[in-house]
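Reviewing the structure listed below.
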Amino acid sequence: MILRSLSLGLLAGLALATSALAQNHDQIARVRGGASCPNCNLFQADLTGLERSGLNLSGARLRQANLTLAVMNRVRLNNADLRDINAYGAVLGGADLSGADLTNASLVGVWFQNANWRGAKLEGANLSGSDLSGARGLTQGQLDQACGDGSTVLPAHLTLRAC
């Protein structure tokens, strides 16, 4: 009886832990509708083609989200979890990416002009074909963890290894 109660309690705890990590459909719907959602759980959100400027998604969990062809100028993504995102061809001009974790992010062909990169983590990020001109807070140390190609546009003093 005690063993069965412990087993049921363990299963209930695991179910709660799993649901805490799953995406929050209501929060994703709010963002799709144009609402800011700081610290929200947008895990694996499909934000393909979203056109919203000035959103505040600071501290949000967007891990494995799809931002392909999204137009989100001046979006606040500071301290956000952006690991493993796909953002092919997105427009994120003037974005605040300070402190964001972009580990293994696919950022191919993204327009990042005038974005703030201070303290962003770029380990394994692919910046091929992206425009980072006017970048603020971007360091060579950050770029040493990422890769790109000959069409990646960087500030004059920075370089990027080939993917």
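One is the number of the first residue; the rest follow in order along the sequence.
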Flag side-chain contact, heavy atom, 4.5 Å: [X] against [Y]:
{"X": "P38", "Y": "N56", "answer": "yes"}
{"X": "W117", "Y": "T139", "answer": "no"}
{"X": "D149", "Y": "V108", "answer": "no"}
{"X": "R83", "Y": "N104", "answer": "no"}
{"X": "T159", "Y": "Q140", "answer": "yes"}
{"X": "D46", "Y": "R32", "answer": "yes"}

- [ ] I would like to know whether Q113 and D131 meet side chain to side chain donor-acceptor pair (under 3.5 Å); could you show each step before the answer?
- [x] CA-CA 6 Å; Q113 281 192 352; D131 185 343; 3.1 Å; yes

Cluster link [X] to [Y], ILVMFWY, side chain under 4.5 Å:
{"X": "I85", "Y": "I28", "value": "yes"}
{"X": "L127", "Y": "L138", "value": "yes"}
{"X": "L55", "Y": "V110", "value": "yes"}
{"X": "M72", "Y": "W111", "value": "no"}
{"X": "L92", "Y": "V153", "value": "no"}

TODO: Nearest 0.5 Å please: distance from the CG atom of L107 over to the CG atom of N126.
DONE: 7.5 Å

TODO: Measure the spacing between CG of L67 and OG of S106 and express it to the nearest 0.5 Å.
DONE: 11.5 Å

- [ ] Have a look at L160 and tell me which of L132, L122, T152 forms a side-chain contact (heavy atoms from CB on, under 4.5 Å) with it.
- [x] T152

Open item on the list: Against K121, only a single residue in L102, L82, T103 fulfils side-chain contact (heavy atoms from CB on, under 4.5 Å); can you say which?
Closed with: T103

Task: Residue pair R74 / S53: nearest heavy atoms and the distance that separates them - done: NH2-CB, 3.6 Å

